[in-house]
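The block underneath contains the structure these notes are about, expressed in structure tokens.
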Amino acid sequence: MSKGITSRVENYSQWYNELVVRAGLAENSGVRGSMVIKPYGYAIWEKMRDQLDKMFKETGHENAYFPLFIPKSYFSKEASHVDGFAKECAVVTHYRLKTDANNQIVVDEDAKLEEELIVRPTSETIIWSTYKNWIQSYRDLPILINQWANVVRWEMRTRLFLRTSEFLWQEGHTAHSTAQEAMAETRQMLDIYAEFAENWLALPVIKGAKSASERFAGALETLSIEAMMQDGKALQSGTSHFLGQNFAKAFDVKFLTKEGKQEYVWASSWGVSTRLMGALIMAHSDDKGLVLPPKLAPIHVVIVPIYKNTGELEKISAAVKIMMTELKAKGITVKFDDNDNNRPGFKFAEYELKGVPVRLAMGMRDLEAGNVELVRRDTLEKQVVKQVGIAEYIEKLLIEIQQNIYSKAHKHREANTHKVDTYAEFKQIIESENGGFVLAHWDGTPETEEKIKEETKATIRCIPFDSPEEDGVCMYSGKPSKQRVLFAKAY
RNA sequence: CGGGGCAUAGCGCAGUCCGGUUAGCGCAUCUGCUUUGGGAGCAGAGGGUCGCAGGUUCGAAUCCUGCUGCCCCGACCA
């Protein structure tokens, strides 16, 4: 195994692939397009999940679980929904295997299902077929449910975390008595995603609405948060959909209003997936490995002893134990790596690869002086600090690291976001090495959007909420436009 | 689904063109000694149905046929 990883400049894509594997986050499995999430990677996902779950519950949502299999007939009830997902569905057709004449295990053709089952690519249909039974009156509304689940989308080309055939996610599905309430829910959940991305992933995001062609299959409106990766490409990091009455109509879900009228129910759905892991990795990490924001790091502090014999190790360990107790008391996760098989230099490189935010090293020199050597992962700055008061120091430092990682990502995005008024300029920026975000006028037609995509591979990531109204002309067609939209190449 | 590449020890690879000692190297593993402030050194040891199935041949990792899997590049997508 080589020592380092491919640098970002050398080959960004390869850097990412190697980093995911070498840092022990995930690996490819024997199943095409499906990954194994390893303990260290899963620990990060658990932290994300726990925090999001808390935020969902704080806003009145409850968890539930719906089936993995969806009868084909349910799935086909909402026309645009089918159109959107049909090409990437795994289908269960049989329920039994048998041993054939050659002693091979084969599918038993006699055990063909009367109705095929779709492995869920998303759960709107199974959930709305259920909601039909739960909703009769306005008193039954709203329903605010989330589920943590796996889904399958048969992808042609996959990449660890960014696009795999099976992935983990959460999907919220809510039912409301008015359009306004459903839309407010859609917006509220997008805000929660944005807050999570910025405060936990340390990732600045742009909130906005999708253009019609980028909308979720079956939605009237799709909102998303878009983040910039270090190579200037956009990564859609969360989506929230206003589904109108489409699914209520498809599954005949009506409720009795206060006024005694029968009306169709209004819906929203929203989700984030293990793709957030990809965002986290690509946004902050460097050529030495992962850089994790402290709020999501499975280990905050690693302590490496430097010693010549067991006597020294014992003395160092005693001092380390005291620091560990103090750190743990403040809720800081700390690992003391006294494994004698690896030498300090190896450990330094290893924990940098794994993105541990703070590393302490202590040898006899430090011990005698009452010091400890401290290195922060985000800047790789080395300093010598007093053992006394170390917990308070690190507590503050972790907050500073979290902020620094965010502001670094924010600066990078600002430096690579451009306002552009001509198509020539647009192409020049989009095709340049660092790519980036471009804010430009667009005439609002799918035709123009499609042409731009064909010619440059850039797409409209969103129509940002905070983009001011401003008279202009479409950079492509010259037709009038009232607002700039966000273009970028995307993952 | 189209184009390309790969499959040999736990991992990374050489050997394949041009068939012929006992299939080799690095890392990892095990043992011992010396080491330990940025990926340790020396000595020794263990570890292989050469992806699978056929075929050609006195003889196949190597040649032929078929199959399978994975990776990369495109079209599709969160």
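Naming: A, B, ... by sequence-line order, numbering from 1 per chain.
For the residue pair A/T174 / A/S268, a side-chain donor-acceptor distance below 3.5 Å is found, with atom types taken as modelled. Checked by atom type, the side-chain pair A/S269/A/E124 shows a donor-acceptor distance below 3.5 Å. Side-chain contact, A/T59 with A/Q188: no donor N or O sits under 3.5 Å from an acceptor N or O. Side-chain N/O atoms of A/E109 and A/H94 include a donor and acceptor closer than 3.5 Å. Looking only at atom types and distance, the side chain of A/Q147 has a donor-acceptor partner in the side chain of A/S123 under 3.5 Å away. Side chains of A/E78 and A/S80: a donor-acceptor N/O pair is present below 3.5 angstrom, by distance only. A donor-acceptor contact closer than 3.5 angstrom links the side chains of A/E185 and A/H61.
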Report, one pair per line, the protein and nucleotides 8-10 of chain B atoms (nitrogen or oxygen only) whose separation is under 3.5 Å.
none

Output a table of nitrogen or oxygen pairs between the protein and nucleotides 40-46 of chain B separated by less than 3.5 Å.
residue : atom : partner : partner atom : Å
B/rA40  : OP2  : A/R343  : NH1          : 2.6
B/rA40  : O4'  : A/R343  : NH1          : 3.1

Nucleotides 32-34 of chain B: which of its N/O atoms have a protein N/O under 3.5 Å away?
none

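Under the Watson-Crick or G-U wobble criterion, with both distances below 3.5 Å, B/rU62 has no partner in any strand shown. B/rC67 and B/rG51 make up a base pair, with Watson-Crick or G-U wobble contacts both under 3.5 Å. Base pairing analysis places B/rG19 opposite nothing; no Watson-Crick or G-U wobble pair with both distances below 3.5 Å involves it. Nucleotide B/rC27 forms a pair with B/rG10, judged by Watson-Crick or G-U wobble geometry with both contacts under 3.5 Å. Within the shown strands, B/rC42 is the pairing partner of B/rG32 under the Watson-Crick or G-U definition, both distances less than 3.5 Å. Across all strands shown, B/rG2 pairs with B/rC73; the Watson-Crick or G-U wobble distances both stay below 3.5 Å.
The separation between A/L360 atom CG and B/rG37 atom P is 17 Å, rounded to whole Å. Rounded to an integer number of Å, the gap from A/L160 CG to B/rC71 C1' is 11 Å. Going from atom CD1 of A/I306 over to atom C1' of B/rG38 covers 9 Å, rounded to whole Å. As rounded to whole Å, 16 Å separates atom C1' of B/rC71 from atom OH of A/Y16. Going from atom CD of A/E18 over to atom P of B/rG12 covers 12 Å, rounded to whole Å. Spacing between atom CD1 of A/I303 and atom C1' of B/rU36 amounts to 18 Å, rounded to whole angstrom units. A/I316 has its CD1 atom 12 Å from the P atom of B/rG37, to the nearest Å. If you measure from atom CZ of A/R359 to atom C1' of B/rG39, you get 12 Å, rounded to the nearest angstrom.
Rounded to whole Å, the P atom of B/rC6 lies 15 Å from the corresponding atom of B/rU62. The separation of B/rC33 from B/rG37, taken at their C1' atoms, amounts to 23 Å, rounded to a whole angstrom. B/rU68 and B/rA53 are spaced 15 Å apart, taking the P atom of each and rounding to whole Å. Taking atom P on both nucleotides, B/rG44 is separated from B/rC27 by 14 Å, rounded to a whole Å. Look at the C1' atom in both B/rG48 and B/rU22: the space between them is 13 Å, to the nearest Å. With both ends at atom C1', the span from B/rG26 to B/rC72 equals 25 Å, rounded to whole Å. Rounded to a whole angstrom, the distance from the P atom of B/rU36 to that of B/rC73 is 45 Å. Nucleotides B/rU57 and B/rC64 have their C1' atoms positioned 12 Å apart, rounded to a whole Å.
Look at A/N342 and you won't find any side-chain N or O under 4.0 angstrom from OP1 or OP2 of B/rU36.
For residues 335-386 of chain A, no pair satisfies ring-ring contact (aromatic ring centres under 6.0 Å, His included), with sequence neighbours left out. Screening residues 45-55 of chain A for salt bridge (charged side-chain N to carboxylate O under 4.0 Å, His left out) gives A/D53-A/K57 as the qualifying pairs, with residues at least two apart or on separate chains. Among pairs with a residue in residues 348-360 of chain A, those fulfilling salt bridge (charged side-chain N to carboxylate O under 4.0 Å, His left out) read A/E352-A/R359, at least two apart in sequence or across chains. The salt bridge (charged side-chain N to carboxylate O under 4.0 Å, His left out) contacts involving residues 275-291 of chain A comprise A/R8-A/D287, A/D286-A/R377, where partners must be two or more places apart or lie in separate chains. Sorted by first and then second residue, the side-chain hydrogen bond (donor to acceptor under 3.5 Å, both in side chains) pairs involving residues 314-324 of chain A (not counting sequence neighbours) form an empty list.
Each of B/rC72, B/rU36, B/rG39 was ranked by its minimum atom distance to the side chain of A/D340; first place goes to B/rU36. Comparing B/rG38, B/rC72, B/rG37 against the side chain of A/N17 picks out B/rC72 as the nearest. Taking every side-chain heavy atom of A/N28 into account, B/rC71 is the closest of B/rG37, B/rC71, B/rU36.
By the 6.0 Å and 45° rule, A/K207 does not stack over the aromatic ring of A/F465.
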Protein-proximity profile, nucleotides 73-78 of chain B, B/S/- by nucleotide at the 4.0 Å heavy-atom cutoff, equals SBBBBB
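Here A/Y131 pairs with nothing under the side-chain hydrogen bond (donor to acceptor under 3.5 Å, both in side chains) rule; sequence neighbours left out. Looking at residues two or more places apart in sequence or on another chain, you find no side-chain hydrogen bond (donor to acceptor under 3.5 Å, both in side chains) involving A/E454.
The stretch residues 367-386 of chain A touches RNA chain B through A/E373, A/K382, each having a heavy atom under 4.0 angstrom from the strand.
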Using side-chain contact (heavy atoms from CB on, under 4.5 Å), reason through A/R461 and A/Q236 one step at a time and then give a plain yes or no. CA-CA 8 Å; A/R461 299 323 303 150; A/Q236 179 175 305; 3.8 Å; yes
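Using cut-offs of 30° and 60° on the angle between ring planes, the pair A/F75 and A/F85 is perpendicular. Under the 30°/60° scheme for interplanar angles, the aromatic rings of A/W200 and A/F196 are found to lie parallel.
Expressed to the nearest 0.5 Å, how far CG of A/L201 lies from CE of A/M48 amounts to 5.0 Å.
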